[in-house]
Amino acid sequence: MILRSKFLFPWILFGAVIYYIFSRSSFSLPPRQEDFKQRFIGCDLSNGTWVRDNGSNHGYTNQTCKSLPESKNCGKYGKNGDYVRWRWQPARCELPRFNAKEFLEISRGKRMAFVGDSVARNQADSLVCLLAEMEIPKAFHKDPEDKFPIWHFESHNFTLMVMWTKFLVQGTERLINGSNSGVYDLHLDKIDQEWTKKLPFINHIVISSGHWFFGKIYLYEGGQLIGCIYCSEKIVRNNDPAFGLRKAFRKALQFLNKAEVFDQDNLIFLRTFSPAHFENGTWNGGGYCNRTRPFDEAEINLAGTYWEIRNAQVEEINKIKIASSRNAKRRFELLDITKAMMMRPDAHPDTNWNNQWMKGYSDCVHWCMPGAVDMWNDMLLTLLKKYLLEIGSGKAE
Ligand SMILES: *[C@@H]1O[C@H](CO)[C@@H](O)[C@H](O)[C@H]1NC(C)=O
Ligand SMILES: *[C@@H]1O[C@H](CO)[C@@H](O)[C@H](O)[C@H]1NC(C)=O
Ligand SMILES: *[C@@H]1O[C@H](CO)[C@@H](O)[C@H](O)[C@H]1NC(C)=O
Ligand SMILES: *[C@@H]1O[C@H](CO)[C@@H](O)[C@H](O)[C@H]1NC(C)=O
Ligand SMILES: *[C@@H]1O[C@H](CO)[C@@H](O)[C@H](O)[C@H]1NC(C)=O
Ligand SMILES: *[C@@H]1O[C@H](CO)[C@@H](O)[C@H](O)[C@H]1NC(C)=O
Ligand SMILES: *[C@@H]1O[C@H](CO)[C@@H](O)[C@H](O)[C@H]1NC(C)=O
C-alpha cells in the first residue's frame, strides 16, 4: 500500500482517535482530535474528481486475490491498465485508501451483509480481495446459483455475506408459454423475504438495487395495478424506473427501521445507484464502453434518470433518518457513489474478456477489479469510522 505523506498524517491522527475511543470509557476528545473529527465529519465524500495517481495501488492484484471473479478480471483479458491509475479526490478532504487491518479490527465479532443484485456482489468481491491482504477467508458457496455466499474471517470472527435480491421487494417474472419473458410483476408494498428472512443478527448492512428496474415491469400496491415501467399499453399509467425504485427503497428502509430482527447496534447503508455506460447502442443492441479516461464534471449528465434515481434515494434515506431518530441503536447512512461512478465510463469490463457472463455483449454495468469499485470500500470504511466516532462521543444525531 503506497501512501503519500500528506495522507499519513491524518491516518495516524485518526488511528489515535479510534484507539482512544476503544481504550477509554470517557469520550471527551482533546481539542486537536475534536477539530479533526469535525473536519472529517463535515466533508462530503461524494463530491469530487478523479485525479491521476500513477503510484496508486489498491492493495491487491489479479495475482494476489485468488477469489477475483473471472468476469471482473479485466487485466487478464487485455484491457488497457490505465483505469486503475486514478484516485477519487473529494472536493474538501481526502478519502483515505482502504486499510484491511483497520477494517477487520472495526468489524471484530460483527456480521455484515450486502443486499442487492450482481453489482452489490461486485462490491462484496472487492471487499474480499481488499481484505485478502490480511486474511483469506473461509468461503461458503452453498446455493447452486451462488446468490447467498458467506465468507468468514476467523482471526476477527468477522462474517461477510451477500443476499441476492433483484428489487428488494417482491417481483415475479411472467412466464409466457412456459419460458421467461423478462417482464415482471412487482409488489411495491411487499418485501422480498428471500433476503429479510436471513437478516437476524446482522450488524452492518449495505443495501442497493437499480438495474433490474430498467425493464418492462407492472407495479402493484395493495394488489392493485398502479403503474408500469416501459409499457406501451395505455391502460395504466406509465412510470419511469425512478418511480418504482423509490418506492422499493422506501419499503425496504421502513422494513429495516421496524424490524425486530436485530439484537444490537445496526448501521444500515444505502449504496446509491451505480450507473451503466453503454454508448452507441443498448446493452443488447451493440452498445459498448471503450473510453480510456474518466469524465470530468462537465461531461456527466446530472439531469438524467441516473441522477434522478440517486436523488430519490437521498430523499428516502433522509426521511428514514427522521423516522428513526429516536432509535439510538439503528442508524441509516448514505454510501453515495453515483456521481463518482458516472465519471468512470472507462472502468467497466466492456468486451475485454470472453466468458459467458453477458453472453457476448459488452459489460458496461459491472466494474473491473481491481479498479474504481474499490473506492466504494474506501468510503465504506471511512463511514464506519465516522459512525464509531459519533456513537463514541455520544453525539449521534
Ligand atoms: C502518469 O503517467 C502518465 C503516462 O505514463 C503521464 O502522462 C502522466 O504525466 C503521469 N502523471 C503523474 C501525475 O505522474
Ligand atoms: C493479471 O493481469 C495482467 C495484466 O494486468 C495479465 O497480464 C495477467 O495475465 C493477469 N493474471 C491473472 C492470473 O489473471
Ligand atoms: C462540489 O464541489 C465543488 C468544488 O468545491 C463545489 O463548487 C460544488 O458546489 C460542490 N457541489 C455540491 C453538490 O456540493
Ligand atoms: C463470533 O461472532 C458471533 C456473532 O457474529 C458470535 O455469536 C460468536 O459467539 C462469536 N464467536 C466467538 C468465538 O467469539
Ligand atoms: C404461445 O404458444 C401458442 C401456441 O404455440 C402461440 O399461438 C402463441 O402465439 C404463443 N404466445 C406467445 C406470447 O408467444
Ligand atoms: C459513439 O458514436 C459517436 C458518433 O459516431 C462517436 O463520436 C463516439 O465516439 C462513439 N462513442 C464511443 C465510446 O466510441
Ligand atoms: C471504441 O469502439 C469504437 C467502435 O468499435 C471505435 O470506433 C472507437 O475508436 C473505439 N474507441 C477507443 C478509444 O478505442
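In listed order, ligands and their atoms are each counted from 1.
Using the six-membered ring where Trp is involved, His348 and His277 have ring planes that are tilted, between 30° and 60° apart. Classification of the Tyr220-His187 ring pair by plane angle, with boundaries at 30° and 60°, yields parallel.
Ranking the protein heavy atoms by distance from atom 4 (C) of ligand 3 puts Ala91 CB, 4.0 Å first. With respect to atom 1 (C) of ligand 3, the closest heavy atom belonging to the protein is Asn47 ND2, 1.4 Å. From the protein, the heavy atom lying nearest to atom 7 (O) of ligand 2 is Gly75 O, 4.5 Å. The protein atom (non-hydrogen) at minimum distance from atom 3 (C) of ligand 5 is Asn177 ND2, 3.5 Å. In terms of protein heavy atoms, atom 13 (C) of ligand 2 is closest to Asn62 O, 4.0 Å.
Both Leu199 and Leu267 sit in one connected hydrophobic cluster of ILVMFWY residues. Membership requires side-chain heavy atoms under 4.5 Å apart, directly or through other members.
No more than 12 heavy-atom neighbours from other residues, nucleotides or ligands sit within 6.0 angstrom of CZ on Arg237.
The residue from Tyr361, Tyr288, Phe214, Phe278 that alone fulfils the ring-ring contact (aromatic ring centres under 6.0 Å, His included) condition with Trp283 is Tyr361. With Ser362 as the partner, the side-chain hydrogen bond (donor to acceptor under 3.5 Å, both in side chains) test is satisfied by one option alone out of Asp350, Asn290, Thr351: Asp350.
No cation-pi contact links Arg87 to Trp50, judged by a cut-off of 6.0 Å to the six-membered ring centre and 45° from its axis.
Close approach of ligand 2 to Asn73 (heavy-atom distance below 4.0 Å) involves ligand atoms 14 (O). Set against the non-hydrogen atoms of Ile176, the atoms of ligand 5 under 4.0 Å away are 12 (C), 13 (C).
Not one N or O of Asp44 is nearer than 3.5 Å to an N or O of ligand 3, by distance alone.
Proximity of atom 9 (O) of ligand 3 to the protein is not indicated, since no non-hydrogen protein atom lies closer than 4.0 angstrom.
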